[in-house]
Q: 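Submitted below is the structure of interest, expressed as structure tokens.
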Amino acid sequence: DAKTTQPPSMDCAEGRAANLPCNHSTISGNEYVYWYRQIHSQGPQYIIHGLKNNETNEMASLIITEDRKSSTLILPHATLRDTAVYYCIVSDAGGTSYGKLTFGQGTILTVHP
Amino acid sequence: DTGVSQNPRHKITKRGQNVTFRCDPISEHNRLYWYRQTLGQGPEFLTYFQNEAQLEKSRLLSDRFSAERPKGSFSTLEIQRTEQGDSAMYLCASSMFRGPGTQYFGPGTRLLVL
């Protein structure tokens, strides 16, 4: 699976949009971009995933660049409960990896009042 | 709530003892994964089941570790002759056959080996 690069930490004010970047310059054509988050002492939580097109669900939006070498997770109105470690993962979602997820260090997002 | 459950949530054991953890996946999910997470690191893949078949094991899974998923339902992870380096959070996740990258994680079992 392709490697990802994320900033180690970011801050965001409550109520503002949080934009979390991820670089995945070696992504291959059959690999999806997944985002998970992990709130302290809990298991990771699936947020969203995409292949080429931008995606939106009730939690977040995912913007993938046209060349697919980077993406941005957007939390439109961050709350204190969004404080967590956010992981950007590239996986071929089955294929040869069986959906195995390779987690990096992630980005620690701190939402402050 | 019919999410993924794990038991026990916490386990303290002495070095050399055997421990067993249980994971109950979401009922209609036929894929099940075990991960291990140490302090300050992201989760690391250990092993994967499709139904009752164990299809992949990480080299992190030494011969002291064994995992089973009888009848393709719950799974157990056993660690024999525990070592202090086994102290970690052990996470279980499950997914549908289609869309395996969308995994639902349990709360984890935190193991401390003294």
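Numbered from 1 within each chain, the chains take letters A, B, ... in sequence-line order. This structure is a prediction, so every number in the text was calculated from the model and none was measured.
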Q: What is the distance from atom CE of Met89(B) to atom CD of Gln42(A), rounded to the nearest 0.5 Å?
A: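 Answer for the CE-CD pair, Met89(B) versus Gln42(A), is 9.5 Å.
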Q: Would you please classify the geometry between the Tyr46(A) ring and the Tyr104(B) ring as parallel, tilted or perpendicular, with 30° and 60° separating the classes?
A: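 Geometry flag for Tyr46(A) against Tyr104(B): tilted rings.
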Q: For the CD atom of Gln103(B) and the OH atom of Tyr34(A), what is their distance to the nearest 0.5 Å?
A: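 The OH atom of Tyr34(A) is 8.5 Å from CD of Gln103(B), to the nearest 0.5 Å.
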Q: Could you check which of Thr102(B), Leu91(B), Leu55(B) has the highest count of heavy-atom pairs closer than 4.5 Å to chain A?
A: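 That would be Thr102(B).
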Q: Around Leu39(B), counting heavy atoms of other residues, nucleotides and ligands shown, do more than 12 lie under 6.0 Å from its CG?
A: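 Result for CG/Leu39(B): open.
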Q: Taking all heavy atoms of Gln105(A) and all of Gly40(B), pick out the closest pair and write down the distance.
A: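 Closest approach of Gln105(A) to Gly40(B): OE1-O, 3.6 Å.
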Q: Met10(A), Leu62(A): one ILVMFWY side-chain cluster at the under-4.5 Å cut-off?
A: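 In one cluster: yes.
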Q: Can you tell me which portion of Gln6(B) sits under 4.5 Å from chain A's heavy atoms? Options are side chain, backbone, both or neither.
A: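 For Gln6(B), there is no contact with chain A at all, as no heavy atom is under 4.5 Å.
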Q: More than 12 non-hydrogen atoms from neighbouring residues, nucleotides or ligands closer than 6.0 Å to NE2 on His112(A), yes or no?
A: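 Count over threshold, so yes.
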Q: Determine whether Tyr33(B) and Leu101(A) satisfy the following criterion, side-chain contact (heavy atoms from CB on, under 4.5 Å), listing intermediate values before the conclusion.
A: CA-CA 10 Å; Tyr33(B) 304 81; Leu101(A) 301 175; over 6 Å; no
Q: Using non-hydrogen atoms and a 4.5 Å limit, figure out which bit of Tyr32(A) sits close to chain B: side chain, backbone, both or neither.
A: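 Contact with chain B: none, neither part.
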Q: Within a radius of less than 6.0 Å around CD of Gln80(B), do more than 12 heavy atoms belonging to other residues, nucleotides or ligands occur?
A: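 Count over threshold, so yes.
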Q: More than 12 non-hydrogen atoms from neighbouring residues, nucleotides or ligands closer than 6.0 Å to CD1 on Ile39(A), yes or no?
A: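 Enclosed: over 12 neighbouring heavy atoms sit under 6.0 Å from CD1 of Ile39(A).
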Q: Does atom CD1 (Ile26(B)) have a neighbourhood of more than 12 heavy atoms from anything else shown, all under 6.0 Å?
A: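 More than 12 within 6.0 Å, yes.
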Q: Are more than 12 heavy atoms from other residues, nucleotides or ligands located less than 6.0 Å from atom CZ of Arg16(A)?
A: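 Not more than 12 within 6.0 Å, no.
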Q: Would you say Tyr35(B) and Pro44(A) make side-chain contact, with heavy atoms under 4.5 Å?
A: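 A side-chain contact under 4.5 Å is absent here.
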Q: Under 4.5 Å heavy-atom distance to chain A, tell me which part of Pro107(B) shows up: side chain, backbone, both or neither.
A: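 Backbone only.
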